[in-house]
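Okay, so here's the structure we're looking at.
Side chains are part of it too, since the values below use all heavy atoms of this structure and drop only hydrogens, waters and symmetry mates.
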Amino acid sequence: MEPREYMRQALELARQAMEEGEVPVGCVIVRDGAVVGRGRNRRETEHTALGHAELDAIRQACGALGGWRLSRCALYVTLEPCPMCAGAIINARIPALYYGAKDEKAGCCGSVLNLFEERFNHHPRIYGGVLEAECSALLQSFFQNLR
């Protein structure tokens, strides 16, 4: 499958999050063509600041693969990761990150800063703008409905 197909799966998870009243962010982690982790935002439903889609997917992928190193995986997420999630991606040793919409307020893949260019021991490759229009439209729809 190509990146757009995995991002479509992440978008479906984002839609599920939105149906639950969450900011619509979805994430899938892929290794050797198989999805090994899925996540969606759950901050409101689980009452935790740690309820981000990326953390949910990383936790699931680590469990599925039996270890914390996700060195042969790619992460697909509908919104540019925040500092916390970018840190988790670094710590999990994920080599490739694909994201949809930019996050001008908290994005750490270049919007606010690029955490992956700092002097950490791991530097994932970043591919931004995958299905950006669809990812952005979903987020815009959610926030317009709140107002």
> Heavy atoms, side chains only, cut-off 4.5 Å: are M18 and L138 in contact?
Replying inline: yes
> Rounded to the nearest 0.5 Å, what separation is found between the CD1 atom of I58 and the CD1 atom of I89?
Replying inline: 5.5 Å
>> Just so I know, are the side chains of L75 and V30 near enough to count as touching, which here means a heavy-atom distance under 4.5 Å?
In response: no
>> Using only atom types and a distance under 3.5 Å, with no angle test, would you say the side chain of E22 pairs donor to acceptor with the backbone of E44?
In response: yes
> Hey, does the side chain of S141 reach the backbone of A137 with a donor-acceptor pair shorter than 3.5 angstrom?
Replying inline: no
> Quick one: are C109 and P81 in side-chain contact, heavy atoms under 4.5 Å?
Replying inline: yes
> Do R125 and Y127 meet the criterion of a side-chain donor-acceptor pair at a distance under 3.5 Å?
Replying inline: yes
>> We want to know whether E20 and T45 form a side-chain donor-acceptor pair, criterion being a heavy-atom distance below 3.5 angstrom.
In response: no
> Say you draw a straight line from CD of Q140 to SG of C135; how long is it, rounded to the nearest 0.5 Å?
Replying inline: 11.5 Å
>> Which Ile, Leu, Val, Met, Phe, Trp or Tyr residues join M84 in one cluster when any pair of side-chain heavy atoms under 4.5 Å counts as a link?
In response: L50, L55
> Short question: side chain of T78, backbone of G26 - any donor-acceptor pair under 3.5 Å?
Replying inline: yes
>> Looking at H123 and F116, would you say the former's side chain and the latter's main chain have a donor-acceptor pair under 3.5 Å?
In response: yes
>> Do V77 and V112 land in one hydrophobic cluster if side-chain heavy atoms of ILVMFWY residues count as linked below 4.5 Å?
In response: no
> Hey, is the main chain of A53 close enough, under 3.5 Å, to the side chain of N41 for a donor-acceptor pair?
Replying inline: yes
> Are the side chain of E80 and the backbone N or O of A101 linked by a donor-acceptor pair below 3.5 Å?
Replying inline: no
> Out of curiosity, L70 CG to C62 SG, how far, rounded to the nearest 0.5 Å?
Replying inline: 4.0 Å
> Under 30°, 30 to 60°, or over 60°: which ring-plane class applies to Y76 and Y98, parallel, tilted or perpendicular?
Replying inline: parallel
>> Using a 3.5 Å distance criterion without hydrogens, assess whether the side chain of E134 forms a donor-acceptor pair with backbone atoms of L11.
In response: no
> What distance separates Q9 CD from R4 CZ, expressed to the nearest 0.5 Å?
Replying inline: 14.0 Å
>> Is there a path of hydrophobic side-chain contacts, each under 4.5 Å between heavy atoms of I/L/V/M/F/W/Y residues, joining W68 to I90?
In response: no
> Is the backbone of G51 close enough, under 3.5 Å, to the side chain of E46 for a donor and an acceptor to pair up by distance?
Replying inline: no
> Picking from R31, Q60, R72, what satisfies side chain to side chain contact (heavy atoms under 4.5 Å, CB included) with V36?
Replying inline: R31
> So, do Y99 and V130 sit near enough that their side-chain heavy atoms are less than 4.5 Å apart?
Replying inline: no
>> I need the C73 SG to D32 CG distance, nearest 0.5 Å.
In response: 8.0 Å
> Can you tell me how far SG of C85 sits from CG of L97, rounded to the nearest 0.5 angstrom?
Replying inline: 10.5 Å
> How close do N91 and R93 get, heavy atom to heavy atom, and via which atoms?
Replying inline: O-NH1, 3.0 Å
> Would you call L139 and P24 a side-chain contact if the rule is heavy atoms closer than 4.5 Å?
Replying inline: yes
> Between S71 and P95, which heavy-atom pair has the shortest distance, and what is it?
Replying inline: O-CG, 3.1 Å
> Does the distance from a Lys or Arg side-chain N to an Asp or Glu carboxylate O, for D56 and R40, drop under 4.0 Å?
Replying inline: no
> Does the side chain of E12 come within less than 4.5 Å of Q16's, by heavy atoms?
Replying inline: yes
